[in-house]
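Start at 1 and go down the list; that is how both ligands and their atoms are numbered.
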Amino acid sequence: MSIYIDPDAVSRLRQYEMPGKLGFGRVIAPVMFRAVCQDGCWSRGELVPYTALSLDPAAKVLHYGQSCFEGLKAYRTPDDEVALFRPEKNAARMAYSAKRLCMSPVPESLFLDGVRTVALYCANLVPANSGESLYLRPFLMGTQADLTVSASASYMFYVIASPSEAYHAGNMRLWVERDDTRAAVGGTGDAKVGGNYAASLLSTGRLRERGYDQSLWLNPANRSSVDELSGMNFFAVMGEVLYTPALNGSILEGVTRASLIELARDRGYQVVEGEIHINELLKQVASGVCSEAFACGTAAIVSSISVIGDAGGSYRLSKAPGPVAQSLRQALLDIQEGRAEDRYGWMQLLGAITNI
Ligand SMILES: *Cc1c(COP(=O)(O)O)cnc(C)c1O
């Protein structure tokens with residue numbers, strides 16, 4: 001299906017001036033992609049000026065949480081081309097999240113049309129410094145206007161974009177969350193849904209008061225093995241071996257996690273996906289067996305962990321930033337920004353950046 005390009009969207013882009021200071025996720029591009037679905041039938045996609053949504057107050061998303069989203073980045077290559085990193089992974093994950101919430105999934109072709117159209121038309125908004133990118137945020141919500149608890153018959157799909165600086169979390173201080181859980185077994189932990197984030201905020205607020213940055217979530221069934229962070233996956237380094245929690249239903253399968261596992265194995269590390277018992281891990285940090293740990297996700301790519309705090313004390317990782325985290329981060333960024341050969345076929349080149 002062809003994509004409708006609203007001439008007003010093009011003129012908004014022509015008039016747009018990038019602010020000097022970007023930050024992460026704060027500056028929003030002046031255009032957006034949208035499509036609607038009624039009873040399983042999708043409209044054609046449109047690129048339109050960015051504007052507030054009009055939503056019926058009875059829309060099911062507002063009451064029953066039928067909402068899911070994605071996050072991916074468009075990069076500028078050394079030849080001034082725009083490239084997306086593994087967008088088909090995000091398309092597949094969004095379809096999975098949608099199905100979990102009984103929503104009409106966005107067809108892969110429509111999802112890819114959306115992210116490609118926004119990235120290409122916003123090509124001049126893709127920042128040029130290393131680590132900077134155009135962060136793309138596709139999202140889907142149920143819009144049928146009635147208060148019965150049932151799946152919506154109508155949906156809206158949008159892609160908005162944010163020219164962003166490198167997301168420098170720096171070294172992170174984690175707090176072991178022993179009380180709350182962010183996701184139940186059999187629940188929505190392995191789907192990228194807004195409710196999981198809402199469930200994490202209270203914990204984050206508490207630990208920030210104690211001087212920590214992020215919760216380290218435990219498995220909701222056993223409360224003793226590590227799952228992940230609120231929006232990033234977890235790795236611990238012991239010698240030449242990388243340990244990461246196996247996908248168990250309550251962990252979100254990160255595209256960054258999967259890519260780092262492949263990169264690490266190709267660089268000679270052994271990567272073990274299994275259970276990491278928190279008390280064991282803390283002992284190994286205390287004894288120095290585990291000298292390095294890091295978290296990974298699209299926004300920050302890789303962030304080293306400097307401290308893991310628990311009711312019994314705080315455990316300092318001796319290497320933060322750690323050498324494994326730093327070299328994997330650089331290797332991934334070199335592929336994403338087109339400096340290293342893409343042996344994996346991860347990048348999708350969209351074409352040259354020209355003035356529209
Ligand atoms: C998005 C997300 C991640 C990271 O996924 P990427 O695809 O690497 O960005 C990890 N954990 C949770 C809970 C997430 O929502």
If you measure from the Lys or Arg side-chain nitrogens to the Asp or Glu carboxylate oxygens, is any gap between Arg257 and Glu228 under 4.0 Å?
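Looking at Glu228 together with Arg257, the answer is no, because their closest N to O distance does not fall below 4.0 Å.
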Residues forming a side chain to side chain donor-acceptor pair (under 3.5 Å) with Glu292, sequence neighbours excluded
none
What closest approach, in Å, do Tyr64 and Leu147 show between heavy atoms, and which atom pair accounts for it?
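Nearest heavy atoms, Tyr64 then Leu147: OH-O, 2.5 Å.
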Check Arg178 against Arg223 and note the closest heavy-atom contact, atom names and distance.
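Shortest heavy-atom contact: O-NH1, 3.3 Å.
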For ligand 1, the residues whose heavy atoms come within less than 4.0 Å (ordered by chain, then number):
Arg93, Arg182, Lys192, Tyr197, Glu228, Ser230, Gly231, Met232, Asn233, Leu252, Gly254, Val255, Thr256, Gly297, Thr298
When Ile, Leu, Val, Met, Phe, Trp and Tyr are grouped by side-chain heavy atoms lying under 4.5 Å apart, directly or through other members, which residues fall in the same group as Leu62?
Ile28, Met32, Val36, Val48, Tyr50, Leu53, Leu55, Val61, Phe69, Phe139, Met141, Met156, Tyr158, Ile160, Tyr197
Run through the side-chain heavy atoms of Ile, Leu, Val, Met, Phe, Trp and Tyr, join any pair under 4.5 Å, and report what else lands in Leu202's cluster.
none
